[in-house]
Amino acid sequence: MSLYVPSILQRAAVRRLTKAASIGLAALSFPVGLAGQSRTAAVDFELNVANNHLWRGIEVSDGCVTTTSLSLHDPKNHVRFGLWGGTNTSGDYKEFNYFAEFKTGGWTLAFWDTYNFSPGATYNNREFFNYSARTTGRFLDAQLAYQFGPRFPLRLLWSTIVFGRDRNAANTANKYSTFVYAEYPLYRHDGWTLSAGCGGTFALQKGGDRSTFYSQRPGVIHVQLHAARLLPLTPRYSLPVHVTAVWNPEGNRAFLQVGAQLLRF
């Protein structure tokens, strides 16, 4: 029984995501009337560059990294579906993800279907369409975030890996590794924004050991200090740049990132 129940939960999670995606795509396919005018879904594109790719206390890749996203959202930006990709100039980092977001008020519910197929991966990085829980090289991350109002602009995040390569040592069940995070802006002046954040991890189902998807044992894995500014280059164009320092106390590591958003439209 203990081997069978997690597989039911995983299949149910994938079915729920598929159903939500179908509903959202149907909603985006129809124009929406607003103030007597017809408005349709909008398309967004981003291109970013940085000296590495940092994610939840992990340096996923170093070197010159470019990341891109292409997304479609409804006129009021309540529902968004998109593609996200990353690579570096040396070719040893490659990632291609799907994502879906649903927003209302300060709440955001998101699902990320993440597939890192870098050549040096130690897991299955050769079967993009493999959705078998035991053998897939991808993982599905379910996220719930809340952004408080402008008087107290705290952001809280709860994220659990509900399917994929977050398995116990025997590869018999998912560990449901969870990442919780809080971020707060500390300073805004003269075009600068400075914010600080802190995040930790634990597994909802330990599976006989203390490890999580992110670390060897539960603990604080992501302490962040992020500074961003719009850098004026011409009278009509300013380049968004940032510097991010990340400390991982549990992993005894630290990273510094410098990056810029080259394009957004």
Side-chain angles (χ1 to χ4, degrees), residues 41-73 77 79-101 103 108 110-121 125 128 138-139 141 143 145 147 153 155 157 159 179 181 183-188 191-197 199 214 221-234 236-248 253-265:
V43 178
D44 293 326
F45 172 80
E46 289 186 14
L47 172 62
N48 303 279
V49 63
N51 65 307
N52 55 19
H53 176 40
L54 303 178
W55 181 71
R56 299 180 182 179
I58 302 170
E59 186 179 47
V60 180
S61 174
D62 59 7
C64 182
V65 176
T66 59
T67 62
T68 57
S69 68
L70 179 67
S71 61
L72 177 70
H73 65 85
N77 203 24
V79 180
R80 178 183 297 269
F81 294 93
L83 308 173
W84 189 97
T87 188
N88 63 359
T89 53
S90 62
D92 57 10
Y93 164 62
K94 298 180 180 181
E95 186 171 340
F96 181 34
N97 309 331
Y98 305 131
F99 67 89
E101 292 182 347
K103 295 182 179 181
T108 300
F111 298 93
W112 279 77
D113 184 359
T114 299
Y115 185 65
N116 184 322
F117 57 105
S118 299
N125 63 347
F128 184 86
R138 65 196 325 119
F139 63 91
D141 188 18
Q143 307 173 12
Q147 176 69 60
R155 181 176 181 268
L157 169 72
S159 174
F179 176 75
Y181 182 73
E183 183 174 291
Y184 191 85
L186 303 175
Y187 175 83
R188 289 177 179 170
W192 283 97
T193 300
L194 180 66
S195 60
Y214 313 97
I221 61 168
H222 188 107
V223 179
Q224 174 177 296
L225 190 64
H226 177 81
R229 190 177 192 276
L230 286 174
L231 181 64
L233 297 181
T234 71
R236 294 187 177 183
Y237 177 73
S238 295
L239 180 69
V241 297
H242 73 266
V243 178
T244 303
V246 172
W247 295 267
N248 184 337
R253 305 177 72 188
F255 310 99
L256 186 68
Q257 180 185 86
V258 179
Q261 185 181 82
L262 298 183
L263 294 172
R264 182 177 183 180
F265 53 84

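Starting from 1, each residue takes its place in the sequence as its number. Since the structure is predicted, the reported quantities are computational estimates derived from the model, not experimental observations.
Contacts of E183 classified as side-chain contact (heavy atoms from CB on, under 4.5 Å), with partners at least two apart in sequence or in another chain: Y181, S195, Q224. For N97, the side-chain hydrogen bond (donor to acceptor under 3.5 Å, both in side chains) partners at least two apart in sequence or on another chain are E95. Not counting sequence neighbours, E101 has no partner by the side-chain hydrogen bond (donor to acceptor under 3.5 Å, both in side chains) test. Applying the side-chain hydrogen bond (donor to acceptor under 3.5 Å, both in side chains) rule to R155 yields no partners; only residues at least two apart in sequence or on another chain are considered. Residues meeting the side-chain hydrogen bond (donor to acceptor under 3.5 Å, both in side chains) test with D92, sequence neighbours left out: N88, S90.
Pairs passing the salt bridge (charged side-chain N to carboxylate O under 4.0 Å, His left out) check and including a residue from residues 253-265, sequence neighbours excluded, read E46-R264.
R188 and T193 share no side-chain donor-acceptor pair at under 3.5 Å. A donor-acceptor pair shorter than 3.5 Å cannot be found between the side chains of Q261 and H242. Judged purely by distance below 3.5 Å, without hydrogens or angles, the side chains of D44 and H73 pair a donor atom with an acceptor atom.
No donor-acceptor pair under 3.5 Å is formed between the side chain of N52 and the backbone N or O of D62.
Residues L47 and T68 approach most closely at CD1-CG2, 3.3 Å, considering heavy atoms.
Ring pair Y115/F128 is perpendicular by interplanar angle, where above 60° counts as perpendicular and below 30° as parallel.
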